[in-house]
Amino acid sequence: ALTDVTFRNNSGPSYGGGGLSFQCNGASNTYRRLTVTGNSGNQGGGIYATPSGRTLEILDSVIAGNSGSSGGGMFIYSGDLRLTNSIVSGNRAGWGGGILNQFAHATLTNATVAGNASHGLSSGWSGAGVARSDIRNSVFWGNGSGAINNYGPYDVMVASYDLLEGGCPGGVTCDHV
């Protein structure tokens, strides 16, 4: 577990985050009060995570001002992600400006995803490839080409008690949005 750590102005390889690369084949990990800013990487400008059947939990953190071709702030591939009480802002990518979720179960709780940009698909949150995304009590605002988007035919995306700019998008099950 990491607490009170800053990853700033780094660049990553073709696979792996510019700021932090989390590839877990062992125990689950909890990161608290991370600052991930100004990083760049092909997949996951700020964070690249492949928990492979494990859980990556990020609490009370800021992921801002990062860039990548996929998942400007974060690219999560397989496993479980829990992002709680955190801000994802000012990131940019070709796909998934804030967060890109592929083949993972991701849960966002009390998060703010704002001011992210993409050149094409979804600036805030993108779900693709048999992914499950649960978004609870969170704010998605000012994310260029869309707050949240669900692209895979087998993806499940549920938004509960959220503030979504533009309302509930197609392909998403919304409750009190």
Side-chain angles (χ1 to χ4, degrees), residues 2 4-24 29-52 54-108 111-129 131 133 135 138-152 157 165:
L2 291 175
D4 297 320
V5 177
T6 298
F7 297 91
R8 181 179 298 135
N9 299 331
N10 299 291
S11 61
S14 61
Y15 288 95
L20 174 64
S21 184
F22 176 82
Q23 298 175 355
C24 178
N29 283 297
T30 299
Y31 297 149
R32 189 178 302 272
R33 294 186 302 275
L34 294 181
T35 300
V36 182
T37 185
N39 302 291
S40 63
N42 184 39
Q43 292 187 324
I47 298 173
Y48 176 76
T50 57
S52 300
R54 304 292 188 248
T55 299
L56 170 61
E57 187 170 29
I58 299 174
L59 306 164
D60 309 318
S61 297
V62 175
I63 302 166
N66 302 289
S67 62
S69 63
S70 300
M74 176 186 289
F75 184 110
I76 176 85
Y77 185 88
S78 78
D80 292 319
L81 167 69
R82 293 185 192 132
L83 183 68
T84 305
N85 298 329
S86 296
I87 297 170
V88 179
S89 178
N91 302 289
R92 65 184 193 282
W95 182 20
I99 301 170
L100 174 60
N101 176 20
Q102 274 193 307
F103 303 105
H105 180 194
T107 303
L108 270 70
T112 298
V113 179
N116 299 289
S118 71
H119 303 294
L121 302 173
S122 185
S123 293
W125 174 276
S126 293
S133 304
I135 302 169
S138 296
V139 175
F140 283 75
W141 208 267
N143 292 300
S145 65
I148 58 177
N149 290 297
N150 197 21
Y151 296 104
M157 186 174 285
E165 182 177 29

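No experiment lies behind these values; they were computed from the predicted model shown.
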Original post:
Can L2 and F7 be said to form a side-chain contact (heavy atoms from CB on, under 4.5 Å), step by step?
Top reply: CA-CA 12 Å; L2 291 175; F7 297 91; 4.1 Å; yes
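- Counting only distance, with no hydrogens or angles, the side chain of T37 and the backbone of A64 share a donor-acceptor pair below 3.5 Å.
- Listed for the S61 side chain is a donor-acceptor partner under 3.5 Å among the backbone atoms of L34.
- When all heavy atoms are compared, the tightest approach of I76 to A104 is CG1-CB, 3.7 Å.
- Put simply, the side chain of L83 reaches to within 4.5 Å of the side chain of V88, judged on heavy atoms.
- Contact between S133 and N101 at its shortest, heavy atoms only, is OG-ND2, 3.0 Å.
- With N91 contributing its side chain and M74 its backbone, the two residues share no donor-acceptor pair below 3.5 Å.
- One distance of note links CZ of R82 with OG1 of T107; it measures 6.5 Å at 0.5 Å rounding.
- Other residues, nucleotides and ligands contribute more than 12 heavy atoms inside 6.0 Å of the CZ atom of R33.
- Proximity of I135 to V113: side-chain heavy atoms (C-beta onward) are nowhere separated by under 4.5 Å.
- We find the OG1-CG distance between T84 and L108 to be 8.0 Å, quoted to the nearest 0.5 Å.
- Judged by distance alone, with hydrogens and angles left aside, the side-chain atoms of S118 form no donor-acceptor pair with the main-chain N or O of G97 at under 3.5 Å.
- Across every non-hydrogen atom of N39 and N66, the tightest pair is N-OD1, 2.8 Å.
- Each of L20, D4, V36 was checked for a side-chain contact (heavy atoms from CB on, under 4.5 Å) with Y31, and the lone residue meeting it is L20.
- Not a single donor-acceptor pair under 3.5 Å links the side chain of T112 to the backbone N or O of I87.
- Identified under the side chain to side chain donor-acceptor pair (under 3.5 Å) test for residues 68-79, with sequence neighbours left out: N42-S69.
- In this structure, the separation between CG on N116 and CZ on F140 is 9.0 Å, given to the nearest 0.5 Å.
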Subject >> side-chain contact (heavy atoms from CB on, under 4.5 Å) between F22 and L81, intermediate numbers included >> reply: CA-CA 11 Å; F22 176 82; L81 167 69; over 6 Å; no
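- Residues F75 and Q102 come closest through the heavy atom pair CZ-OE1, 3.2 Å.
- Nearest approach of A93 to G96, heavy atoms of both residues: CB-O, 3.9 Å.
- Taking all atoms of both residues into account, the shortest heavy-atom contact from I58 to S86 is O-OG, 3.9 Å.
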